2 protein chains.
Amino acid sequence: MPKTRATQTDIARRAGVSQAMVSYVVNGNTRVSIPDETRRRIEAVMEELGYVPNALARGLRSGQTRTIGLVVPDNTNPFFAEIARRIENLGYEKGFSVILCNSDYDLAKENAHVDVLLAKQVDGVIFCASGGSGGAQQRLLASKTPVVTIDHDISNQRDETVLIDYRLGGYLATRHLLEQGHRQIGCITGPRALSSSAGRLTGYRDALKESGLRADTALTVPGDFRIQGGEAAALKLLRGRRRPSAIFAFNDLMAIGAMQAARILGLSVPADVSIVGFDDIPLAQAIYPALTTIAQPISEIARLAMEVFFKQIRGGVSATATPAGPSVVLKPALITRSSTAPFAR
Amino acid sequence: MPKTRATQTDIARRAGVSQAMVSYVVNGNTRVSIPDETRRRIEAVMEELGYVPNALARGLRSGQTRTIGLVVPDNTNPFFAEIARRIENLGYEKGFSVILCNSDYDLAKENAHVDVLLAKQVDGVIFCASGGSGGAQQRLLASKTPVVTIDHDISNQRDETVLIDYRLGGYLATRHLLEQGHRQIGCITGPRALSSSAGRLTGYRDALKESGLRADTALTVPGDFRIQGGEAAALKLLRGRRRPSAIFAFNDLMAIGAMQAARILGLSVPADVSIVGFDDIPLAQAIYPALTTIAQPISEIARLAMEVFFKQIRGGVSATATPAGPSVVLKPALITRSSTAPFAR
DNA sequence: CTGAAAGCGCTTACAG
DNA sequence: CTGAAAGCGCTTACAG
């Protein structure tokens, strides 16, 4: 067993050819026609020495690393887990690896991660912003690295984004509740700075207004997109003096927390309180009662994000003097299950 | 704006110093004392040009990439999501990135991923094996890359492993059910080749035997560690001619699927059928009824895995002529919640 | 203290 | 068809 990993030079020496020849067969270079005999000999030695190409050297030389940076707030959230899964998979199929970064909804961390990704010369980054426009955006912009932003609408001159119509989602959720006769509808938001959260809020208010109702600020409480936060927020809502008969949680995890809160207070879902979530994670239909929610087309989002990404790196990075603003906007859909019921009190 | 990213040479030229000087200040090299004035000038230019070190070049030269490969079967499973989260976090704190790979319980894919990780010169890999001993193990061994294996007991001369006592977990789950008076206890396993699954099965059988019962093969059905698979398996179990009064699912996801199956059949949990899971994912306590399960100390597992990893890379890779077999074995614990109840029929 | 230089492993024109 | 060589951006002895 060799002390260190075999290099092309090692192979070349052993096969009695030049190092360039080895590189050619490794890369299946067609511009040069290598006699079968030579090729076979080289391949034999490669096998024998257990040759593994050094991607660092290759990347340094070629300027391509076949690596994607993926920044999500929290890979533990089933929505992002699913995104990560699909990005990873799609990447794998095309020979790309993904570096996973959790920003934790923290701008400073987000920036730190982006710096590392830049240093590692990733070919691009898929970005689920944690809110606001931190320095990360500028840094990425300046570096001319292809970026696809998901789940957050940052309008700048160059980034590609794939979004869903969050306002519509918030509107659909709320209207569903209104149609069921609910009038006191609470909502549990996400981090304020996130446009994905802001959009849902607008939709919520729009639906209320359409029905001649005004959003009661006491019925809007902030959440953190996690189960715990949803539970705490719902507890506050359900213990308030104007108890809502329905709650719209801005994601499924918080909706699950809200269901737990109802249980704690001895309230039945949906008899006493209806609950709507957002995302349609796989669990939504597996829990009891099955969660009514707004479905995001997760696989579509991931697929499009990767498509856009590949188009960018193919077209050449700086060739992206193309469109400003959102490239793609997908439509969410209401999925009615059993966590919502007509108002009856 | 420069056409390409600034390099140390660019900085040096602009600051009127040699490139080596730049490298020294970038790395805070102390073996050389640079006058404050020079240092400041260099730093100013770095700032001005937005210098980001090229990790590829650095890695190629230094033989260290500060990158960890993480191979899990499915990052969408909350157990692995949590592992990934913590590994990523611990790595981040020490300046390491993680490349995420899903093996999908597929040996071929696992191998392909390992090859890529090796090519990318990761400093080590954290491995949640997908079952059996594929070529991945050998490849890793041959490459002398530090490896920490979680969740699967591969006994070889060099790998470090951090495991929990799966047999004990299976035993505890089953005994709990037995103590509740259940005699017909079904179990939903995971992929056969996985030692983590095999261990649970042994524990299940041991507990049965201890109570003078024999494992009825008709009551052991294979699952896939996913909700769907758990549901299908439970359906089979509950529709069989010898309907079990209790089910031990080898992970929480399948337990959730089993609960759904019970619901489909109009069976109540735990009144008609008790269900125990394994893992204690955050959801276990959030769903209804709250899931009785065997808790794996996830954060402990991740912490130890990283600790072992850092010890390995610190000690120097091949200095690991140390212990064979499992380095650490943690104990699981039964968490009793409301998905299990005394047998009464 | 500072600079010139080797070399990490590769790709890719450029000559023979 | 084949080889010698430059150069990607860095770190790190080695001389001055």
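As the structure is a prediction and not an experimental result, all values here were calculated from the model.
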Sugar-phosphate, base or nothing in reach of B/S23, heavy atoms under 4.0 Å: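 Counting heavy atoms under 4.0 Å across all strands, the contact made by B/S23 includes a base.
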
Sugar-phosphate only, base, or nothing, as touched by A/V17 at under 4.0 Å among non-hydrogen atoms: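 Result for A/V17 = sugar-phosphate.
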
Residue pair B/L163, B/V328: steps toward the side-chain contact (heavy atoms from CB on, under 4.5 Å) verdict: CA-CA 6 Å; B/L163 303 164; B/V328 192; over 6 Å; no

DNA chain D: 5'-proximal contact among A/S62 and A/S18 (nearest heavy atom):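 Counting from the 5' end, the first nearest nucleotide belongs to A/S18.
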
NZ/NE/NH1/NH2 to OD/OE distance under 4.0 Å, A/D104 and B/R85: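 Answer for the salt bridge query: yes.
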
Opposite nucleotide pairing with D/dA4, Watson-Crick or G-U, both atom distances under 3.5 Å: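 With both distances under 3.5 Å required, D/dA4 matches none.
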
Pairing partner (Watson-Crick or G-U wobble, both distances under 3.5 angstrom) of C/dA13: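 For C/dA13, the partner nucleotide comes out as none, under the 3.5 Å rule.
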
Within this structure, what is the [atom1]-to-[atom2] distance between [X] and [N], rounded to whole angstrom?
X     : N      : atom1 : atom2 : value
A/I11 : D/dG3  : CD1   : C1'   : 18 Å
B/N54 : C/dG9  : CG    : P     : 17 Å
B/M21 : C/dA5  : CE    : P     : 15 Å
A/Q8  : D/dA4  : CD    : C1'   : 15 Å
B/Y24 : D/dT12 : OH    : C1'   : 6 Å
A/R5  : C/dG9  : CZ    : P     : 11 Å
B/Q19 : D/dG7  : CD    : P     : 15 Å
B/D10 : D/dC10 : CG    : C1'   : 13 Å

A/N75 side chain vs B/A81 backbone, donor-acceptor pair below 3.5 Å: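 Yes.
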
Among D/dG3, C/dT2, C/dC10, the one nearest B/I34 by side-chain distance: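 For B/I34, the side-chain atoms sit closest to C/dT2.
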
Among D/dT2, C/dC10, C/dT2, the one nearest A/R58 by side-chain distance: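 Given the options D/dT2, C/dC10, C/dT2, the side chain of A/R58 is closest to C/dC10.
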
Under-4.0 Å side-chain N/O to phosphate OP1/OP2 contact, B/Y51 with D/dG9: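 Result: no.
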
Residue met sooner reading DNA chain C from 5', once B/A20 and B/L60 are mapped to nucleotides: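 Its nearest nucleotide being more 5', the pick is B/A20.
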
B/S97 versus A/K120, closest heavy-atom pair with distance: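 For B/S97 and A/K120, the tightest heavy-atom pair comes out as OG-NZ, 2.7 Å.
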
Residue pair A/R5 / B/T145, side-chain donor-acceptor N/O under 3.5 Å: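 The answer is yes; a qualifying pair exists.
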
